[in-house]
Amino acid sequence: VCASAKTGSAVIQEKGVSEFDSGLSRLESLSQVSGVLGCQWGDEGKGKLVDILAKHFDIVARCQGGANAGHTIYNSEGKKFALHLVPSGILNEDTVCVIGNGVVVHLPGFFKEIESLESNGVSCQGRILVSDRAHLLFDFHQEIDGLREAELAKSFIGTTRRGIGPCYSSKVIRNGIRVSDLRHMDTFPQKLDLLLSDAASRFQGFNYGPDMVRQEVERYKRFAEKLEPFITDTVHFMNDAVSQKKKILVEGGQATMLDIDFGTYPFVTSSSPSAGGISTGLGIAPRVVGDLIGVVKAYTTRVGSGPFPTEILGKGGDLLRFAGQEFGTTTGRPRRCGWLDIVALKYCCQINGFSSLNLTKLDVLSDLPEIQLGVSYKQIDGTPIQSFPADLRVLEQIKVEYEVMPGWLCDISSIRKYSELPKAARQYVERIEELVGVPVHYIGIGPGRDALIYK
Ligand code: GTP
């Protein structure tokens, strides 16, 4: 541990205040409806913060995405849980978890996740509510996700092949099947047949026959019975909770740079992981949403294809990948790694209006003698670019300008007070705050629940 740690404790004693206690009171004073959203291309470590915050909230709700979110969290005994669809609040036994109307639900996966949680001693009964308006994601959506990627050949998106995009497509072209349709098994086969015939007419490689429909209907009859205790009018539930002054935490999946509108289209997800998605995905008014915390890694990673201006290719990227264990929770795919991109982060802060940031994985940078911050973009001819460009051609050609900062070259993972961090680490954090104009209130220095510094 760094030498500066001693100096830090002395400072605290002088101040006569505990930074940790003031951090905790900050958690308690978060607004009635708060949210945790990703600031980069996903995998920022949102799950850990949600899990920590959950005990200060009555409800944790997901508003978008599906089982493509891969949150990894550790309980107080250090047991690892990989969650995909179930909100990260589930490990906190007093929290009710809501899967909102904006989420797409793959029932086989949902029940598998519940079985795994229950077999690890986490009780789910009565604690998970699934919106009757949420759309059902079928196995065939996953199949056509793969077919579509194959069709795109070299310009494939790099999706998780979980069928998320095809399911949202069904929703938008209005032949999707919703959770409430499970209550009408008389019309369900017809709806499923329509959905499948549409897919078959679109994808040559996709075939289905009457047997497949029959089997799927039988399977979904069983799912319908099993799901019944979870099905809820979550719009009513959420608005009731708002009126009763219950505390609600919204857990974002993916991140703004993958947003269908604001991300690096078309290399994006099919939902709205930014602030706007909270209202459309839960049916609560924008004015009730208060504090939003943006989660940002101390560097950048991205899975799949698409522009990544500050990417580090070769050995440098490998170093970060192994130090940060940057391999997907859901797919195991290696993540592309690079320096923190301040231009993208500022853009993300504008869109979401974050009240604070959680800088995660600062510990991963501990072995680097120098750290770079991508602070501005220039066009190939040297013209400065004022904001994050929509045009992928511009993005592919931009020149990133970096600020080089000294590293701290020591283990910071056991430090719990901001003032005990080495000077270079504090300088790095404070430079980020200065550049983006949003305070960093939480700093991650390890994967565990307790590995968080309150600033
Ligand atoms: P998505 O919704 O898929 O974007 O997931 P996520 O944002 O919750 O991130 P995910 O859990 O997939 O990845 C974060 C990984 O980093 C997990 O393995 C966490 O345990 C780990 N992690 C989180 N915070 C820290 C940290 O501060 N330091 C270190 N070393 N690991 C961390």
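When the shell of 6.0 Å around CD of Glu118 is examined, it contains more than 12 heavy atoms from other residues, nucleotides or ligands. For Gln190, the CD atom counts as loosely surrounded, since its 6.0 Å shell holds 12 or fewer non-hydrogen atoms of other residues, nucleotides or ligands. Surrounding NZ of Lys55 are at most 12 heavy atoms belonging to other residues, nucleotides or ligands under 6.0 Å away. More than 12 heavy atoms of other residues, nucleotides or ligands sit less than 6.0 Å from atom NZ of Lys247.
Looking at every heavy atom in both residues, Tyr265 comes nearest to Ile260 through CD1-O, 3.5 Å. Between Val268 and Gly263, the closest heavy-atom pair is CG1-C, 3.5 Å. Between Ala134 and Val105, the shortest heavy-atom distance links the atoms CB-CG2, 4.0 Å. Taking each heavy atom of Ser271 and Gln254 in turn, the nearest pair found is OG-OE1, 4.1 Å. The shortest non-hydrogen separation linking Val104 to Leu85 is O-CD1, 3.8 Å. Gln32 and Lys246 make their closest contact through NE2-O, 2.8 Å (heavy atoms, listed as atom of the first residue, atom of the second, distance).
Tyr347 places a side-chain N or O within 3.5 Å of a backbone atom of Phe262 that can act as its donor or acceptor partner. Put simply, the side chain of Ser355 gets close to the backbone of Leu292: a donor and an acceptor are under 3.5 Å apart. The backbone N or O of His84 lies less than 3.5 Å from a partner atom in the side chain of Glu113, making a donor-acceptor pair. Put simply, the side chain of Asn175 never gets that close to the backbone of Lys191: no donor and acceptor are under 3.5 Å apart. Without hydrogens or angle criteria, Arg302 side chain to Ser305 main chain gives a donor-acceptor distance under 3.5 Å. Side-chain atoms of Thr232 do not come within 3.5 Å of backbone N or O of Leu129 as any donor-acceptor pair. Judged by distance alone, the side chain of Thr95 and the main-chain N or O of Leu91 form no donor-acceptor pair under 3.5 Å. Without hydrogens or angle criteria, Asp145 side chain to Gly163 main chain gives a donor-acceptor distance under 3.5 Å. In this structure a side-chain-to-backbone donor-acceptor pair under 3.5 Å is missing from Asp193 to Pro189. For Asn101 (side chain) and Ser131 (main-chain N/O), no donor-acceptor pair under 3.5 Å exists by modelled atom type.
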As a quick check of understanding, evaluate side chain to side chain contact (heavy atoms under 4.5 Å, CB included) for Asp43 and Arg335, giving each step before the final call.
CA-CA 9 Å; Asp43 311 310; Arg335 297 172 182 150; 3.2 Å; yes
When you look at Phe203 and Glu143, which way does the side chain to side chain contact (heavy atoms under 4.5 Å, CB included) test go after all the steps?
CA-CA 10 Å; Phe203 295 97; Glu143 195 182 325; over 6 Å; no
Evaluate Val122 against Arg127 for side chain to side chain contact (heavy atoms under 4.5 Å, CB included), listing each step before the verdict.
CA-CA 10 Å; Val122 181; Arg127 294 188 47 222; 4.2 Å; yes
Does Phe308 form a ring-ring contact (aromatic ring centres under 6.0 Å, His included) with Trp41? I'd like the steps, not just the answer.
CA-CA 9 Å; Phe308 183 172; Trp41 281 275; 5.7 Å; yes
Arg26/Asp291 under salt bridge (charged side-chain N to carboxylate O under 4.0 Å, His left out): CA gap, chis, key distance, verdict:
CA-CA 11 Å; Arg26 183 177 273 160; Asp291 290 318; over 6 Å; no
Evaluate salt bridge (charged side-chain N to carboxylate O under 4.0 Å, His left out) for Arg336 paired with Glu311, printing each intermediate quantity in order.
CA-CA 7 Å; Arg336 296 157 66 194; Glu311 182 166 16; 2.9 Å; yes
List the steps and the verdict of side chain to side chain contact (heavy atoms under 4.5 Å, CB included) for Phe57 and Leu30.
CA-CA 9 Å; Phe57 288 83; Leu30 282 170; 4.0 Å; yes
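Salt bridge Asp318/Arg321: present, at least one basic N to carboxylate O contact under 4.0 Å. Checked for salt-bridge contact, Lys48 and Asp51 miss the test: no charged N lies under 4.0 Å from a carboxylate O. For Lys361 and Glu44, the salt-bridge test fails: no basic side-chain N is under 4.0 Å from an acidic carboxylate O. In this structure, Arg416 pairs ionically with Asp450, as a charged nitrogen and a carboxylate oxygen lie closer than 4.0 Å. With respect to the salt-bridge test (charged N to carboxylate O, under 4.0 angstrom), the residues Lys112 and Glu115 do not qualify. Electrostatic pairing of Glu326 and Lys297 counts as a salt bridge here, judged by a charged N lying under 4.0 Å from a carboxylate O.
Checking Thr256 against Asn352 by side-chain atom types alone, a donor-acceptor pair falls below 3.5 Å. For the 3.5 Å distance criterion, the side chains of Asp363 and Ser413 fail to qualify, holding no donor opposite an acceptor. Side-chain atoms of Thr300 and Trp339 form no donor-acceptor pair, as typed in the model, at a separation below 3.5 Å.
Aromatic ring centres of Phe322 and Phe327 lie closer together than 6.0 Å. Less than 6.0 angstrom separates the ring centroid of Phe110 from the ring centroid of Phe230. Taking the six-membered ring where the residue is Trp, the centroids of Tyr454 and Tyr418 are separated by 6.0 Å or more.
In this structure, the side chains of Val33 and Ile284 come closer than 4.5 Å at one or more pairs of heavy atoms. Two residues are said to be in side-chain contact when any heavy atoms from C-beta on lie closer than 4.5 Å; Leu282 and Thr234 fail this criterion. Side-chain contact between Tyr442 and Leu357 is absent, with no heavy atoms from C-beta onward closer than 4.5 Å. Within the 4.5 Å cutoff, the side chain of Leu182 has heavy atoms near those of the Leu107 side chain. Gln372 is not listed as a side-chain neighbour of Thr310, based on a closest heavy-atom distance of 4.5 Å or more.
Under the 30°/60° scheme for interplanar angles, the aromatic rings of Phe138 and His141 are found to be tilted.
Under the side-chain hydrogen bond (donor to acceptor under 3.5 Å, both in side chains) test applied with Lys455, the options Glu433, Glu430, His441 reduce to a single match, Glu433. The side-chain contact (heavy atoms from CB on, under 4.5 Å) test with Gln40 is passed by exactly one of Asp341, Val295, Val296: Val296.
Between atom CD1 of residue Ile412 and atom CD1 of residue Ile443 there is a gap of 8.5 Å, rounded to the nearest 0.5 Å. Note that CD1 of Ile293 and NZ of Lys46 are 13.5 Å apart. Values are rounded to the nearest 0.5 Å. Between the CD1 atom of Ile114 and the OG atom of Ser119 there is a distance of 12.0 Å, given to the nearest 0.5 Å. In this structure, the separation between CD1 on Ile231 and CG on Asp132 is 7.5 Å, given to the nearest 0.5 Å. One distance of note links CG of Leu49 with CG of Leu452; it measures 7.0 Å at 0.5 Å rounding. With rounding to the nearest 0.5 Å, the separation of OG in Ser34 from CD1 in Ile248 is 9.5 Å.
Both tests pass for Lys226 against the ring of Phe111: distance under 6.0 Å to the centre and angle within 45° of the axis.
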